[in-house]
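Scope of the values below: all heavy atoms of this structure, side chains included, with no hydrogens, waters or symmetry mates.
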Amino acid sequence: MTKPHNILVAREYTNSNGEVKTEWLRVGVAFQNKQGGFNCELPEGIGLTSSFVILPRKERAEDDGPAEE
């Protein structure tokens, strides 16, 4: 069984220096299935109306806090 993948959407914002930056928001999880595709799970109320990406989760220590994508 493969490790879960994150489903991410990009959100552009302007920081305090006036620079346009991109923040990646995790909105769900995907698991690879036997056919080579993915089964995706999104929380109730999440609607995807634009592009999204599916990336493998990065390994992190338990006490590192939330992972930054």
* Heavy-atom distance under 4.5 Å between the side chains of Leu55 and Leu8, does that happen here? -> yes
* Asked: In chain order, what residues pass the side-chain contact (heavy atoms from CB on, under 4.5 Å) check against Thr22, with sequence neighbours excluded?
  -> Ala10, Glu12, Trp24
* Partners meeting side chain to side chain donor-acceptor pair (under 3.5 Å) with Glu19 (sequence neighbours left out) -> Asn15
* Asked: Tell me, do Arg26 and Arg57 make a side-chain contact under 4.5 Å, heavy atoms counted?
  -> yes
* Asked: Closest heavy-atom contact between Val29 and Ile7?
  -> O-CD1, 3.5 Å
* **Student check: side-chain heavy atoms of Val9 and Ser51 closer than 4.5 Å** => no
* Asked: Of the non-hydrogen atoms in Leu25 and Glu23, which two are nearest, and what is the gap between them?
  -> CD2-CD, 3.6 Å
* To do: Would you name the heavy atoms of Leu42 and Val27 that are closest together and state the gap between them?
  => CD2-O, 3.5 Å
* Asked: With a 4.5 Å limit on heavy-atom distance, are the side chains of Ile54 and Cys40 in contact?
  -> yes
* Kindly say whether the aromatic ring centers of His5 and Phe38 come within a distance under 6.0 Å. => yes
* What salt bridge (charged side-chain N to carboxylate O under 4.0 Å, His left out) pairs are there with at least one residue in residues 28-56, not counting sequence neighbours? -> none
